[in-house]
Amino acid sequence: MIFQAIVIPYSLWTLAATFVVRHQRKIGRRYFLLLAVSHLAILFVTLFPNATYPLANLAGVGRGADFVLYFAIIILLRVLFYLYNKNRLIETQLTKIVRHLALQDKRD
Amino acid sequence: MKVVDLDKWFASRYTQDMEVFIVIAAYNEAEVIGQVVDELLRHYPHVVVVDDGSTDRTRELLRDTQVMLISHLVNRGQGAALETGLQVALEQGAEIVVTFDADGQHNVEDIQKLIQPILDGTAEVVFGSRFLHLDSRIPLLRRILLKGGTWLTRFLTGLSVTDTHHGLRAFSRKAAASIHFELDRMGHASEVFEIIARERLRYVEVPARVIYTPYSLKKGQSPFDALKILARLFERSWFR
């Protein structure tokens with residue numbers, strides 16, 4: 001009950017914020033859809049926790065909550081990996097820019 | 001009796017036949033950079049200093065010297081600064097490039113020993129090694145970390161060296177042109193060994209002292225930095 005009391009209002013709030021941000025054209029359509037579906041999925045699973053059991057059984061995982069947890073970890077790791085790579089690329093590009101400016105300054 | 005100015009004779013001997021460029025990466029070294037470059041300029045006319053976004057008076061102090069000063073707008077790391085310095089040295093016609101630390105840990109007299117194998121044509125890369133120098137007094141923790149670095153370098157590259165993190169290194173023009181540091185921070189010291197193994201460059205080690213002062217120990221790498229370098233090296237080998 002406590003978990004639902006915290007997660008449901010929070011999910012509704014973030015869902016509303018997603019709509020607002022989309023209305024302000026601060027995010028693209030695809031990203032808006034991804035966020036909206038994610039928040040709705042969180043809401044659904046929180047309101048109807050038993051709904052995850054068929055999925056859990058299909059995946060060979062015991063409980064619905066475990067299935068959600070494992071799935072979330074996989075997604076988070078993937079996102080973390082993506083962000084790490086992106087950061088590496090940005091750092092490399094930043095160095096190239098700084099070097100280019102330094103050498104140009106020297107040549108001038 | 002004619003008095004010979006040994007300093008000028010020394011400098012002219014090596015610049016007549018080969019253009020030797022000294023490359024220094026400096027970050028917040030206002031305390032010692034003046035002494036370091038003064039000493040170098042007495043023996044070597046071509047000194048390139050890359051100021052890596054210093055926030056102290058390093059850049060200001062260097063402007064009053066005869067060095068070729070290149071300034072990074074923001075701090076990018078020693079590896080990035082050395083790569084910039086290498087490019088400048090090659091553009092200026094360097095035939096031998098020597099990397100030299102800005103914190104006063106290196107001995108100018110060791111440069112002579114370092115470049116000799118390149119002048120003789122017996123090596124393309126020469127590393128200094130504090131473990132080959134009898135007078136080196138290395139703090140225990142640092143010795144353990146350096147030995148670990150040596151083992152790791154052997155494991156990753158197959159190269160047999162005694163000191164993998166000595167900043168005093170000399171490269172022939174051919175070697176300098178094939179080296180491009182991709183690791184911006186301190187990982188370049190280990191990265192160079194991968195490049196040597198890949199390009200099959202001839203290398204040798206010579207004894208070269210590292211002078212540990214309270215200042216240089218304060219600015220040096222911590223054990224945590226060693227872990228970060230390790231992580232970057234493994235990451236490079238995974239993501240290549």
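Labels below follow one simple rule: chain letters A, B, ... track the order of the sequence lines, proteins then strands, and each chain is numbered from 1.
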* Structure fact -> When the 4.5 angstrom heavy-atom criterion is applied to A:Ile97 and chain B, the contacting part is neither

* Pairwise distance NE2(A:His100) to OG1(B:Thr84) - rounded to 0.5 angstrom -> 12.5 Å

* Asked: In terms of heavy-atom contacts, does CZ of A:Phe32 have more than 12 from other residues, nucleotides or ligands at under 6.0 Å?
  -> yes

* **Crowding at CD, B:Gln66 (>12 non-hydrogen neighbours, <6.0 Å)** => no

* Nearest-0.5 Å distance that lies between atom OG1 in A:Thr95 and atom CD in B:Glu182 -> 11.5 Å

* Measure across B:Ser71 and A:Ala102 and return the closest heavy-atom pair with its distance rounded to 0.1 Å. => O-CB, 3.1 Å

* Asked: Is the side chain of B:Arg76 donor-acceptor paired with the backbone N or O of A:Thr92 at a distance under 3.5 Å, no angle test?
  -> no

* **Side chain, backbone, both or neither of B:Gln87 within contact of chain A (heavy atoms, under 4.5 Å)** => side chain

* Asked: What is the distance from atom CZ of A:Arg99 to atom NE2 of B:His72, rounded to the nearest 0.5 Å?
  -> 5.5 Å

* Non-hydrogen atoms of chain A under 4.5 Å away: do they reach the side chain of B:Leu73, the backbone, both or neither? -> both

